[in-house]
Novice: 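Below is the structure I would like to discuss, written out as structure tokens.
Note that the structure is predicted; figures quoted are calculated from it, not measured.
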Amino acid sequence: MSARLEASFLRHLADAHDDADERFVTALLLEVPDREPLAHMVNYGHPPLVRARRGDVALLPGHPCPPLGLSSLCDVRAHESVFELGPDDTLLLYTDGLIEARDRAGVCFPLLERAATWTWNDRLRRSQDRLRGVLGQILDDVVAHCGALPADDLALIALARRGEEGTAALPRRS
């Protein structure tokens with residue numbers, strides 16, 4: 001599927017009639033099958049996932065590939081990474097606006113340092129409420145770091161497995 005995505009993007013570029021300077025895009029393909037302990041990812045130059053597990057927080061870069069549209073510049077093709085996503089693990093997907101958010105002194109947001117302080121797993125809360133809570137903590141932290149909302153675009157997605165049933169949970173609007 002990832003090869004078809006690259007081909008489709010290249011066709012789109014060939015058909016584009018604009019003079020855009022950026023003729024590539026980062027992307028992350030993520031599959032989280034229900035009731036299976038493994039997740040699958042193809043990373044096209046996107047920032048690495050953050051996985052919170054049993055109190056530890058780590059980046060999951062996988063096997064990075066060039067962004068879509070740049071594969072002809074190097075001899076690296078898409079490679080699927082497989083990693084464990086167990087019960088009560090939480091994943092954070094984010095755009096580069098998070099890690100490039102700067103304070104007044106120009107210091108970038110310290111993602112892993114700050115992620116270690118967020119409440120990733122509150123067993124007393126439903127998965128959806130817990131995910132909304134951690135997203136709120138992240139936004140509060142970024143605003144505190146920058147002194148305001150970052151100037152760059154910022155998108156965040158948090159997802160988790162629901163306990164032993166193993167289905168994926170995403171926060172829903174209240």
Novice: How many angstroms lie between CZ in Phe83 and CG in Leu91, if you round to the nearest 0.5 Å?
Specialist: 5.0 Å

Novice: Report yes if the side chains of Glu31 and Pro33 come closer than 4.5 Å at any heavy-atom pair, otherwise no.
Specialist: yes

Novice: Kindly work out whether a path of hydrophobic side-chain contacts (I/L/V/M/F/W/Y, heavy atoms less than 4.5 Å apart) joins Ile99 to Val143.
Specialist: no

Novice: Would you say Arg51's side chain and Glu84's backbone share a donor-acceptor pair under 3.5 angstrom?
Specialist: yes

Novice: Atom CG of Leu60 and atom CG of Leu93: how far apart are they, to the nearest 0.5 Å?
Specialist: 10.0 Å

Novice: So, for Cys146 and Arg102, which heavy atoms are closest and what is the spacing to 0.1 Å?
Specialist: SG-O, 3.4 Å

Novice: Please report the shortest heavy-atom distance between Val57 and Ala116, naming the atom on each side.
Specialist: CG2-CA, 4.2 Å

Novice: Looking at every heavy atom in both Leu154 and Thr95, which two are closest together, and how far apart are they?
Specialist: CA-OG1, 3.5 Å

Novice: Could you go through Asp129 and Arg132, starting from their C-alpha distance and side-chain angles, then the distance that decides it, and tell me whether this counts as salt bridge (charged side-chain N to carboxylate O under 4.0 Å, His left out)?
Specialist: CA-CA 5 Å; Asp129 295 334; Arg132 263 195 301 274; 2.5 Å; yes

Novice: Just by modelled atom types, is the Gly133 backbone N or O under 3.5 Å from a matching donor or acceptor in the Trp118 side chain?
Specialist: no

Novice: For the side chain of His145 and the backbone of Val107, is there at least one donor-acceptor N/O pair under 3.5 Å apart?
Specialist: yes

Novice: What about Leu85 and Leu38, same hydrophobic cluster or not, with Ile/Leu/Val/Met/Phe/Trp/Tyr joined at side-chain heavy-atom distances under 4.5 Å?
Specialist: no

Novice: Keeping Glu80 on the side-chain end and His40 on the backbone end, is there a donor-acceptor pair under 3.5 Å?
Specialist: no

Novice: Looking at every non-hydrogen atom in both residues, tell me the closest pair between Val25 and Phe9 and how far apart they are.
Specialist: CG1-CE1, 3.5 Å

Novice: State, yes or no, whether a side-chain contact exists between Tyr44 and Leu29 at a heavy-atom distance under 4.5 Å.
Specialist: yes

Novice: Just wondering, do Asn43 and Leu49 contact through their side chains at under 4.5 Å, heavy atoms?
Specialist: no

Novice: Which value, rounded to the nearest 0.5 Å, describes the distance between Leu30 atom CG and Leu159 atom CG?
Specialist: 6.5 Å

Novice: Going hydrophobic residue to hydrophobic residue with side-chain gaps under 4.5 angstrom, can you get from Leu28 over to Val82?
Specialist: no

Novice: Under the criterion side chain to side chain contact (heavy atoms under 4.5 Å, CB included), I'd like the reasoning laid out for Val50 against Leu59: C-alpha separation, chi angles, the key distance, then a yes or no.
Specialist: CA-CA 5 Å; Val50 173; Leu59 295 177; 3.7 Å; yes

Novice: How long is the gap from CG on Asp153 to CG on Leu98, to the nearest 0.5 Å?
Specialist: 11.0 Å

Novice: Judged by atom type as modelled, is there a donor-acceptor pair below 3.5 Å linking the side chain of Tyr94 to the main-chain atoms of Pro48?
Specialist: yes

Novice: Is a side-chain N or O of Ser81 found less than 3.5 angstrom from the main chain of His63, in a donor-acceptor match?
Specialist: yes

Novice: Can you tell me how far CG of Asp89 sits from CG of Asp56, rounded to the nearest 0.5 angstrom?
Specialist: 10.5 Å

Novice: Any idea which heavy atoms bring Thr26 and Gly45 closest together, and the distance?
Specialist: CG2-O, 3.1 Å

Novice: Between Trp120 and Arg130, what is the shortest heavy-atom contact and its length?
Specialist: O-NH1, 2.7 Å

Novice: Is there a donor-acceptor pair under 3.5 Å between the side chain of Thr90 and the backbone N or O of Ala52?
Specialist: no

Novice: Report yes if some heavy atom in the side chain of Val134 is under 4.5 Å from a heavy atom in the side chain of Leu92; otherwise report no.
Specialist: no

Novice: Quick check: is Leu112 connected to Leu156 through a chain of hydrophobic side chains (ILVMFWY, heavy atoms under 4.5 Å apart)?
Specialist: yes

